[in-house]
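Data block below; observations after.
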Amino acid sequence: MPLLIYNSLTRQKQEFKPIKAGEVTMYVCGPTVYDLSHIGHARSAVAFDVVYRYLKYKGFRVKYTRNYTDIDDKIINRANKDGVAWNEISERYIKAFDEDMAALGVELPNFRPKATETIQEMIGVIQALIDKGFAYVLDGDVYYSVRKFNGYGKLSGKNIEELEAGARVEVDERKEDPLDFALWKKSKHGEPWWDSPWGRGRPGWHIECSAMSQKFLGETIDIHGGGKDLIFPHHENEIAQSEGATGKPFVRYWLHNGFVNIEKEKMSKSLGNILAIRDALNNYSFEAVRLFLISSHYRSPIDYSPDALREAEVALERYYRTLERMEKDWPDVVNAKVNEQRKKQRMQRIINAMDDDFNTAYAAGFIFEEVNTANRLMDSAKTLGTNELEEALPVIKAIFKEAGSFLGVFHRGPQEYFAEKKGNLKVSEEEIARLVLERSEAKKDKDFKKADAIRKELEEKGVLLEDTPKGTVWRMKI
RNA sequence: GGCGGCGUACCCAAGUGGCUAAGGGAGCAGUCUGCAAAACUGCGAUGCAGCGGUUCAAAUCCGCUCGCCGCCUCCA
């Protein structure tokens with residue numbers, strides 16, 4: 001079964017065929033670094049992280065670029081507000097973004113260029129556009145003449161006349177047409193600037209992605225991704241710039257992720273309903289955040305709520321508890337030789353799901369079916385024997401590992417997952433051990449009242465006790 | 001106003017023409033347990049916003065209606 005990808009440009013799922021067989025070039029719009037990243041940025045990053053990982057899993061050599069927009073009005077405004085240099089702001093939030101990505105287990109793209117490191121290339125693209133008649137200079141500014149580009153609107157499905165009619169932008173009277181957008185902005189007093197053939201200035205927003213994707217990936221790239229809100233005008237303008245300058249198709253497959261909503265409304269700065277990535281990670285494991293994000297299709301909107309994250313954490317704990325049980329109770333079985341044919345067969349369901357436009361939610365469903373199978377077989381080992389168990393457990397563990405490699409969830413060891421949770425403990429482990437022992441003594445004496453009191457006391461401190469045949473174990477309450 | 005998307009059980013969510021409508025969470029009952037917890041088993045949509053149509057067959061295609069959301073302005 002081929003890999004199908006929904007292409008925003010054609011509005012349908014298409015079989016994915018890269019330009020060069022076996023090799024994929026992929027560009028994703030990164031953040032404008034003027035504030036902490038929120039859960040919406042996490043969604044985009046995780047969605048394309050999964051795309052990147054899965055393409056690699058499929059055997060493609062992937063060249064993946066994600067930029068930082070480190071020069072922009074918002075950065076300058078923030079710097080003025082804070083009374084610091086603009087690049088202090090951008091550097092601070094690049095660092096914060098990198099930390100958040102690492103904390104989310106997002107793999108590093110091959111190239112992570114900053115806009116300000118690519119100014120010369122941008123100037124080159126702008127010059128090419130001027131030379132070809134797509135752009136014009138106006139007193140130190142350079143504008144793109146939208147009407148000169150034939151395919152304008154093909155990605156967003158808009159036509160120029162309607163845009164014209166509905167234009168809400170403040171019109172710069174000097175522009176030849178209200179829809180024309182800035183490629184280069186003459187620097188105002190006190191603003192950062194770079195030298196250019198048109199005088200000192202700084203780049204417009206859209207030009208950077210055209211320049212950077214060309215520099216690192218070439219004139220025509222396979223995949224370009226970003227949030228749905230970037231379709232217009234950002235990506236529309238990128239197409240106009242890149243195709244205008246090179247005369248070649250810019251992108252073969254456009255991918256756009258849906259939003260994270262809060263209370264059914266888009267999370268955004270202007271509405272003030274932001275959840276920062278690091279705030280989410282304070283309360284939940286990064287895998288729970290990822291599981292929450294991949295439990296819906298990447299193009300659908302998802303509604304954030306504390307409950308939704310909690311449910312993801314509960315599900316994840318169920319998963320790790322099962323894996324822990326497999327490894328602790330059946331160490332020899334679980335590490336026995338994998339029946340490759342069986343594995344391939346079970347794994348194929350997950351691969352089919354992923355091949356269908358990265359249906360991670362469906363894929364995750366199969367993981368939980370395996371969880372159920374493992375538990376069921378372990379439960380019934382005493383009565384039904386271990387034949388089936390011996391064949392299934394190694395396969396199940398291998399599936400977890402393999403699917404985890406591209407989902408970025410389910411791929412750690414249980415001890416690591418649970419150890420991370422113990423970091424939030426409010427009671428010392430020594431104290432817990434002491435109370436557990438005290439309770440065991442009480443249980444031995446049939447003093448169940450005392451035993452229950454201790455269990456209740458610990459539960460109030462967020463520690464749950466479980467009596468197993470091998471003794472009492474404890475874990476963190478979610 | 002223009003363009004686009006969505007509406008599946010108590011909640012989240014997959015499924016977009018054809019086996020018993022995945023999976024997770026919550027609930028109830030049972031097994032296990034001193035009691036719990038965990039795990040397992042069973043129950044739970046004769047039904048996929050509503051109405052009509054196409055078809056041997058529709059949650060899935062078409063039309064209308066209702067409701068929600070997004071883009072058209074910086075935004076992942």
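We name chains A, B, ... by the order of the sequence lines, and we start the count at 1 in each one.
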Same-atom distance (P) from C3(B) to G47(B), integer angstrom: 36 Å
At less than 4.0 Å, is any side-chain N or O atom of Arg310(A) found next to OP1 or OP2 of G25(B)? Yes or no. no
Mind calculating the distance between CG (Asp229(A)) and P (C69(B)) to the nearest angstrom? 18 Å
Using a 4.0 Å heavy-atom cut-off across all strands, classify Arg439(A) as base, sugar-phosphate, or nothing. base
So which nucleotide does C74(B) pair with, by the Watson-Crick or G-U wobble rule with both distances under 3.5 Å? none
If A45(B) has a Watson-Crick or G-U wobble mate with both distances under 3.5 Å, name it; if not, just say none. none
Distance between C1' atoms of A37(B) and C48(B) (Å, rounded): 36 Å
What's the gap between A22(B) and A45(B) when it is taken at their C1' atoms, as a whole Å value? 14 Å
C72(B) and C12(B): how far apart are their P atoms, nearest whole angstrom? 27 Å
Under 4.0 angstrom between Arg349(A) side-chain N/O and A14(B) OP1 or OP2: no
Any luck finding a side-chain donor-acceptor pair between Asn67(A) and Arg112(A) under 3.5 Å? no
Measure NE2/His297(A) against C1'/A14(B) and give the value in whole Å, please. 11 Å
For G52(B), give its Watson-Crick or G-U wobble partner with both distances under 3.5 Å, or none. C62(B)
The residue, Gly258(A) or Arg299(A), whose nearest nucleotide of RNA chain B is more 5′ is Arg299(A)
Checking Arg278(A) side chain against His38(A) main chain: does a donor-acceptor pair fall under 3.5 Å? no
Whole angstrom is fine here: how far is it from CE in Met476(A) over to P in A38(B)? 16 Å
Is there a side-chain contact between Asn372(A) and the phosphate of U41(B), meaning an N or O under 4.0 Å from OP1 or OP2? yes
Do the ring planes of Phe410(A) and Phe368(A) sit parallel (below 30°), tilted (30 to 60°) or perpendicular (above 60°)? perpendicular
Contact class for Gly226(A) vs. all strands (heavy atom < 4.0 Å): base, sugar-phosphate, or nothing? sugar-phosphate
Which one, A14(B), A76(B), C74(B), comes nearest to the side chain of Asn257(A)? A76(B)
Atom pair distance, as rounded to whole Å: CD1 in Ile302(A) and P in G25(B): 18 Å
When the C1' atoms of A21(B) and A76(B) are compared, how many Å lie between them, rounded to an integer? 33 Å
C40(B) pairs with, by Watson-Crick or G-U criteria that keep both distances under 3.5 Å: G30(B)
Between C1' on G24(B) and OH on Tyr284(A), what's the gap in Å once rounded to a whole number? 16 Å
Output the rounded distance in Å from CG (Asp303(A)) to P (U8(B)). 13 Å
Checking Lys266(A) against Phe259(A): charged group under 6.0 Å from the ring centre and within 45 degrees of the axis? yes
Separation of Arg475(A) atom CZ from A37(B) atom C1', in whole Å? 7 Å
Whether over 12 other heavy atoms sit under 6.0 Å from Lys422(A) NZ: yes
Do the numbers put Lys443(A) on top of the ring of Phe448(A), so that NZ or CZ is under 6.0 Å from the six-membered ring centre and no more than 45° off the axis? no
So, the side chain of Arg53(A) versus the backbone of Ser405(A): is there a donor-acceptor pair under 3.5 Å, distance only? yes
Under a 4.0 Å heavy-atom cutoff, the residues of residues 3-15 of chain A touching RNA chain B are none
Is Asn375(A) touching bases, backbone alone, or none of the nucleic acid, heavy atoms closer than 4.0 Å? sugar-phosphate
Just wondering, are more than 12 heavy atoms of other shown residues or ligands nearer than 6.0 Å to CG in Asn150(A)? no
Within residues 441-467 of chain A, find the residues that approach RNA chain B with a heavy atom at under 4.0 Å, and present them sorted by residue number. Lys443(A), Phe448(A), Asp452(A), Arg455(A), Leu465(A), Glu466(A), Asp467(A)
Select base, sugar-phosphate, or nothing to describe what His234(A) touches, counting heavy atoms under 4.0 Å on all strands. nothing
For Phe368(A), answer base if it contacts any base atom (sugar-phosphate contacts may also be present), sugar-phosphate if it contacts only those atoms, and nothing otherwise; contact means non-hydrogen atoms under 4.0 Å. sugar-phosphate
Give one of base, sugar-phosphate or nothing for Met378(A), where a contact means two heavy atoms less than 4.0 Å apart. nothing
Applying side chain to side chain contact (heavy atoms under 4.5 Å, CB included), name anything that partners Ser242(A), two or more places apart in sequence or on another chain. Ser210(A), Phe250(A)
Is Lys266(A) close enough to C71(B) that one of its side-chain N or O atoms is under 4.0 Å from OP1 or OP2 there? yes
Scan Arg299(A), His235(A), His224(A) and name whichever one has a side chain to side chain contact (heavy atoms under 4.5 Å, CB included) with His256(A). His235(A)
Tell me if a side-chain donor or acceptor on Thr25(A) pairs with a main-chain N or O of Asp222(A) at a distance below 3.5 Å. yes
Per Ser300(A) side chain, nearest of listed nucleotides A14(B), C74(B), C40(B): A14(B)
N/O donor-acceptor pair, side chain Glu369(A) with base G23(B), under 3.5 angstrom: no
Quick one: are the ring centres of Tyr52(A) and Phe406(A) less than 6.0 Å apart? no
Pick base, sugar-phosphate or nothing for Val28(A), based on heavy-atom distances below 4.0 Å to the nucleic acid. nothing
Tell me which of Ala312(A) and Phe232(A) sits closer to the 5' end of RNA chain B, going by the nucleotide each one is nearest to. Ala312(A)
Pairwise C1' distance, G34(B) and G44(B) [rounded to whole Å]: 32 Å
Any base atoms under 4.0 Å from Ala315(A), or only sugar-phosphate, or nothing? Heavy atoms, all strands. sugar-phosphate
Any chance the side chains of Asp355(A) and Tyr54(A) put a donor and an acceptor closer than 3.5 Å? yes
Distance check, P atoms only: G25(B) and U16(B), in whole angstrom units. 24 Å
Span that lies between the P atom of A39(B) and that of G24(B), in whole angstrom: 11 Å
By the 4.0 Å heavy-atom rule, please label Phe259(A) as base, sugar-phosphate, or nothing. base
Could you tell me whether Asn359(A) contacts a base, only the sugar-phosphate backbone, or nothing, with contacts defined as non-hydrogen atoms closer than 4.0 Å? sugar-phosphate
Could you give the CD1-to-P distance, from Ile294(A) to G24(B), as a whole number of Å? 14 Å
Considering Watson-Crick and G-U wobble pairs with both distances under 3.5 Å, what does G4(B) pair with? C69(B)
Does A14(B) have a Watson-Crick or wobble partner in any strand here, with both distances under 3.5 angstrom, and which is it? none
So Arg321(A), base contact, sugar-phosphate only, or nothing? Heavy-atom distance under 4.0 Å. sugar-phosphate
Check each of Arg174(A), Lys186(A), Lys175(A) against Asp141(A) using the side chain to side chain donor-acceptor pair (under 3.5 Å) test, and report the only one that passes. Arg174(A)
